[in-house]
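As structure tokens, the structure follows; a few thoughts come after it.
Chain A is the first sequence line, chain B the second, and so forth, proteins listed ahead of strands; every chain is numbered from 1.
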Amino acid sequence: MAGSRRQYPFHLIEPKWQHTWDEQQAFRAFNPGESVPAGHPFGVRHQLSGPVAATQLPPKFYILDMFPYPSGAGLHVGHPEGYTATDILTRYRRACGFNVLHPMGWDSFGLPAEQYAVKTGQHPRKTTEANIANFKRQIKSLGFSYDWSRELATTDVEYFKWTQWIFLKLYNSWFNPETNKAEPIETLSFPADCTTEAQRRSYRDSKRLAFVSEAPVNWCPELGTVLANEEVIDGKSEVGGFPVIRKPMRQWMLRITAYAEKLLADLDTIDWSDSLKEMQRNWIGRSEGAEVDFQIAECGVRSAESKIRVFTTRPDTLFGATYMVLSPEHKLVPQITTAAQKQAVEDYKAYAAGKSDLERTELAKEKTGVFTGAYALNPVNGEKIPIWIADYVLASYGTGAIMAVPAHDTRDFEFAKKFNLPILQVVQPPDAKTDWQGFTDDGTAVNSGFITGLPTPEAKAKITAWLEEKGLGKKTINFKLRDWLFSRQRYWGEPFPIVWKKGPDGQSYHEALPESALPVLPPTLEDYKPTSSGEPPLARAKEWLNAVPGAQRETNTMPQWAGSCWYYLRYLDAKNTAGFVGKDVEQYWMGVASGLWPEKPALSADTTKPGVDLYVGGTEHAVLHLLYARFWHKVLFDLGYVSTPEPFFKLVNQGLILGEDGQKMSKSRGNVVNPDDILKEFGADAFRLYEMFMGPLQETKPWSTQGVAGVYKFLGRVWRLFVDEQSETEFEQAETTAAAQDGAALLKLIKLDARLKDVAPTPAQLKTLHTCIKKVTEDLDAMRFNTGISAMMVFVNDAIGWETRPVAVMQTFLQLLAPFAPHVAEELWDRVAAICPQPPGNLPYAPWPKFDPALLVEDTLEIPVQVNGKLRDVIKVSATADNATLQALALASEKVQPFIVGKNIKKVIVVPKKLVNIAVG
RNA sequence: GCCGGUGUGGCGAAAUGGCAGACGCACAGGACUUAAAAUCCUGGGACUAUAAAAAGUCGUGUGGGUUCGAGUCCCACCACCGGCACCA
């Protein structure tokens, strides 16, 4: 590849236009109330200048990328895939007349900068700033049309000030089940027995959306921090893959579980892929069932509680419950264990507690457990059934106890077989051939007293009603979703706006700092190391720690996800110092748009949809960022700060780009492609075009540098459609020999091709053009970039043979190309202007061309003729030929004759203008 | 195990139930050139047959089905990718 002739001077064109766009602030998006400078291309297009009201602005379109974590490694080819797709759509929508918001920023808190600080002592801010500068350079070199005036980083003091502000809102709110939404904590009324200040404080603290919990958490010793459930995969940390253990610690939690129902239900209102919605549904894990109380049987054991509550999704199998299982950590275990079993139970508890999450998963195949010696009574029939403990029952789900129905639950079945517990059939499979043992689907109740004979759903309903009537149980919904563990023992994160005080009773309690205390800045440290005890590094800064009189600062910091939970809102109003986002501005960009404008433009996009119109990013955030951000947004919605219950209306996941060898790109495989190298050899336009030409955006696909060369060659053909070959050669000679390396002067040597003329196009040329307009427009609407590009290739393959190239046709083609390859399109657009009868205007804001269907109709059609579905001939007919003519011509065809003579023609299908099929028998 | 997705030439891929393989890569042949590169033109699913052409048969993971007609719709299965995984 090296040494091959350059297809066109992208190395001069690309920096030139990037510079021009910057200078013009060409891609600045205007907020209601902002002033459009005279001569700004947006103002020229929409005839606006000076201050503009929301009603004057054209319809909005908000296209968002998942902002990157600026790692030291720089951009990889996966980043620009999504960014290119959104940039193409941004440029397209802009040309269609929308006010498009397309911002970029940096998710810059994170572990790598902190780990680097631990190693070298360099402040994470310095590392972060250097990485951001590198990322920004790389992203800018791709010619994306971001509105850089809205750039933000989550580590900016002016940004995390508002992250802390939102935390205060969470802290000062509770979820009111009556109104089914978050409300200020002041609306919470105290129970009658809450009289002292300490009682009231602790009651409020137990209801806040941000609260402190002492529960066992995921502690990662290697990282020196705790992690959220979502960050633990197979018992290992998502970052680094280090072992994670359960350890009780005092931690900040966010009450995301209060929103479980809404987070689940509202998935139906947004346009996300099925797989992504399914992932969130599974993570939330709603299941309907019943809680049932089992009486503990008298057997000489004294217990404060007399019953054990279980959760089951199959109350209809209650008659088949032949034993019970408690999780080893269940609080009743010590109370019910008999003296004889005490030692065995304690040994087992120690064994279970010693297992890490990882071991617990790995050992999942073999069931273990011990008998407590105690018995319970089955509430439906009074049967005495043994109570066991086993670690296949989780303390953290349901009630931490189950009734075991070995006949119809796989796990209970395995356990019962191993420990020889009775297995009793209570469900008859619908298919008589199916073995009832281990049958877990719906069937018909058998051996089940008053529900015998009922199909499973009815049996469930009847027995649940019966339990409720007798006060033995009730219908219940359980979720897998846990509250969000929100504190980290790290330096490089947002400090909590919280202090701790000691009450008169000696108990310490937490208190929020006032808004006026924001931002809470982290201290400067010499040593960034985490401490092995779990004490965060912030605790080392004694002066900072005690800066608030009579109190100590909270030393935990927020997780990296905090900043990304609301960055899409800050973009709307990035410079606002009075609030996290202005109300009018939020309503314009995020609100329901209907009614704001007199009429909807005639486009396929439905501008009445609320929130971010399009969000593109990787699938790795399916249950992390995308769940957390929805949660925060819903809280802000309940509190009246945002207009919509959902932040991201349409979401598309770009597929993974694999290495040239078809494997995942990784340093160790040595198959990583660096965008800088590709840009140097082929230019940004070719890089962008290739990333889109590879295949459908959502698909996983392998990289091919030869493929880049292919689209690069296509751009060269486009270039040669417009420029004179002779002048190009002179330019090249000048470039290699001349001392003067002034790019602008060199480019002037290149002249337009003489075949480019201001003449009326032929019908054939118009047809080629309009076919291309139609296809590209439809493909952009559907985000089918690869086929849109191939349509442009078809145009060029045709046009390259034209002896005269009408300016009007060629210009329109450049408009189609511009979203994909903006630099070369601008350069040629600029040059063609010289021979244009009328000034063509600013390319990014030139109105998107419309195709004329009248130009696409054919005079003659080629109609395939099939016999029994097999192609036998293609006949040429006039487009006006009726069905009878078509049929006659088809039957008369010489090539068709041999297949129909002497056969019985059963039927002739004529699809108008499409096809003839003759069915013979 | 459960959930979601994907299977089409040597490769990336196209095809509202209507000519399978558009477009591109790689490859082959030709033109230009002292030569090469670049460029331009042409070819191409497999098989059979033929000097060549015309022609025919088969062909979208496998097996069935619906239909005049299936890559596309239905049923069963297989493989691969992604997610979840003792959640009662």
Task: Nearest-Å distance once atom C1' is located in both rG17(B) and rC74(B) - done: 13 Å

Open item on the list: So if I take every side-chain heavy atom of Phe693(A) and compare against rG24(B), rG18(B), rA13(B), which nucleotide ends up nearest?
Closed with: rG24(B)

Task: Whole-Å P distance, rC40(B) and rC47(B) - done: 31 Å

Open item on the list: With a 4.0 Å cut-off on N to O distance, would you call Glu278(A) and Arg281(A) a salt bridge?
Closed with: yes

- [ ] Mind telling me if rG9(B) is syn or anti? Syn here is a glycosidic angle within 90° of 0.
- [x] syn

TODO: Looking at every strand, decide which applies to Gln7(A) at a 4.0 Å heavy-atom threshold: base, sugar-phosphate, or nothing.
DONE: sugar-phosphate

TODO: Indicate whether OP1 or OP2 belonging to rC25(B) is found under 4.0 Å from a side-chain N or O atom of Lys713(A).
DONE: yes

Task: Donor-acceptor pair present, Asn282(A) side chain and rC84(B) base, under 3.5 Å - done: no

Task: Whole-Å gap separating P (rA88(B)) and NZ (Lys367(A)) - done: 14 Å

Task: Complementary nucleotide of rU6(B), counting Watson-Crick and G-U pairs under 3.5 Å - done: rA79(B)

Task: Interatomic distance where CG belongs to Asn653(A) and P belongs to rG4(B) [whole Å] - done: 17 Å

Task: Spacing of the P atoms in rA53(B) and rU67(B) (rounded, Å) - done: 41 Å

- [ ] Ignoring backbone atoms, establish whether Gln706(A) has a side-chain N or O less than 4.0 Å from OP1 or OP2 of rG24(B).
- [x] no

Open item on the list: Ring-plane angle category for Tyr323(A) and Phe415(A), please: parallel below 30°, perpendicular beyond 60°, tilted otherwise.
Closed with: parallel

TODO: Give the rounded distance in Å between these two atoms: NZ of Lys870(A) and C1' of rG59(B).
DONE: 12 Å

Open item on the list: In whole Å, measure the gap between the C1' atoms of rC77(B) and rA54(B) for me.
Closed with: 43 Å

Open item on the list: Whether the side chain of Asp412(A) engages the backbone of Val405(A) through a donor-acceptor N/O pair (distance < 3.5 Å, no angle test) should be reported.
Closed with: yes

Task: Selection from rU39(B), rA55(B), rA15(B) that lies nearest to any side-chain heavy atom of Lys895(A) - done: rA55(B)

Open item on the list: Measuring from the side chain of Pro864(A) (C-beta onward, heavy atoms only), which nucleotide among rG12(B), rC19(B), rG56(B) has the closest atom?
Closed with: rC19(B)

TODO: Can you figure out which of rA88(B), rC86(B), rU39(B) approaches the side chain of Asp391(A) most closely?
DONE: rC86(B)

TODO: Mind calculating the distance between OH (Tyr690(A)) and C1' (rA13(B)) to the nearest angstrom?
DONE: 11 Å

Task: Between rC68(B) and rG24(B) - C1' atom distance, rounded Å - done: 36 Å

- [ ] State whether a side-chain donor-acceptor pair under 3.5 Å links Asn478(A) with Ser287(A).
- [x] no

Task: Distance, C1' atom - from rC11(B) to rG64(B), rounded to whole angstrom - done: 32 Å

Task: Thr729(A) side-chain N/O to Glu725(A) backbone N/O, donor-acceptor pair under 3.5 Å - done: yes

Open item on the list: Counting only side-chain nitrogens and oxygens, does Asn797(A) get under 4.0 Å of the OP1 or OP2 atom of rG24(B)?
Closed with: yes

Task: Who pairs with rC84(B) - Watson-Crick or G-U, where each distance is under 3.5 Å - done: rG1(B)

Open item on the list: Can you tell me whether the side chain of Lys914(A) and the base of rU16(B) have a donor-acceptor pair closer than 3.5 Å?
Closed with: yes

- [ ] Could you check how far CG of Asp412(A) sits from P of rC86(B), rounded to whole Å?
- [x] 14 Å

TODO: Remember a base hit wins even if backbone is also touched, and classify Thr312(A) as base, sugar-phosphate or nothing at under 4.0 Å, heavy atoms.
DONE: sugar-phosphate

TODO: Round to a whole Å and report the spacing from CE of Met793(A) to C1' of rC25(B).
DONE: 10 Å

Open item on the list: Between Arg717(A) and rU39(B), is there a contact of a side-chain N or O with OP1 or OP2 at under 4.0 Å?
Closed with: no

- [ ] With heavy atoms under 4.0 Å as the rule, sort Arg720(A) into base, sugar-phosphate or nothing.
- [x] sugar-phosphate

Task: Mate of rC11(B) where both pairing distances stay under 3.5 Å, Watson-Crick or G-U - done: rG24(B)

- [ ] Quick one: label Gly285(A) by what it contacts on the DNA or RNA (base, sugar-phosphate, nothing), any heavy atom closer than 4.0 Å.
- [x] nothing

- [ ] Check His408(A) against Val426(A) and note the closest heavy-atom contact, atom names and distance.
- [x] NE2-N, 3.0 Å

Open item on the list: Suppose we define a pair by two distances each less than 3.5 Å, Watson-Crick or G-U wobble; what does rA37(B) pair with here?
Closed with: none

Task: From rG18(B), rC3(B), rA14(B), nucleotide with atom closest to Glu278(A) side chain - done: rC3(B)

Open item on the list: Can you see if the side chain of Ser287(A) gets near the phosphate of rA88(B) - specifically, an N or O under 4.0 Å from OP1 or OP2?
Closed with: yes

- [ ] Using the C1' atom as the reference point in each nucleotide, state the distance between rG61(B) and rC2(B) in Å, no decimals.
- [x] 23 Å

Open item on the list: Using heavy-atom distances to pick each residue's nearest nucleotide on RNA chain B, tell me which of Val794(A) and Asp779(A) is more 5'.
Closed with: Asp779(A)

- [ ] Can you tell me, in whole Å, how much space there is between the C1' of rG82(B) and that of rC23(B)?
- [x] 29 Å

Task: Closest nucleotide among rG69(B), rA14(B), rA88(B) to the Asn917(A) side chain - done: rG69(B)

Task: Over 12 non-hydrogen atoms of neighbours within 6.0 angstrom of NZ in Lys418(A) - done: yes

Open item on the list: On RNA chain B, compare the nucleotides closest to Pro696(A) and Ile789(A); which residue's is nearer the 5' end?
Closed with: Pro696(A)

TODO: Name the nucleic acid region contacted by Ser275(A), choosing base, sugar-phosphate or nothing; use a 4.0 angstrom heavy-atom cut-off, strictly under.
DONE: sugar-phosphate

Task: Separation of rU39(B) P from Glu725(A) CD (nearest whole Å) - done: 11 Å

TODO: Mark yes or no: Arg630(A) above the aromatic ring of Trp272(A), with NZ or CZ under 6.0 Å from the six-membered ring centre and no more than 45 degrees from the axis.
DONE: yes

- [ ] Output yes when Glu778(A) and Arg784(A) qualify as a salt bridge under the 4.0 Å nitrogen-oxygen rule, no when they do not.
- [x] no

- [ ] Scan Arg872(A) against the nucleic acid and name what it touches under 4.0 Å (heavy atoms): base, sugar-phosphate only, or nothing.
- [x] sugar-phosphate

TODO: Just call it for Phe413(A): base, sugar-phosphate, or nothing, with non-hydrogen atoms closer than 4.0 Å on any strand.
DONE: nothing

Task: Whole-Å distance separating the CZ atom of Arg314(A) from the P atom of rA88(B) - done: 12 Å

Open item on the list: Under 3.5 Å for both donor-acceptor distances, Watson-Crick or wobble: does rA46(B) have a partner, and if so which one?
Closed with: rU57(B)

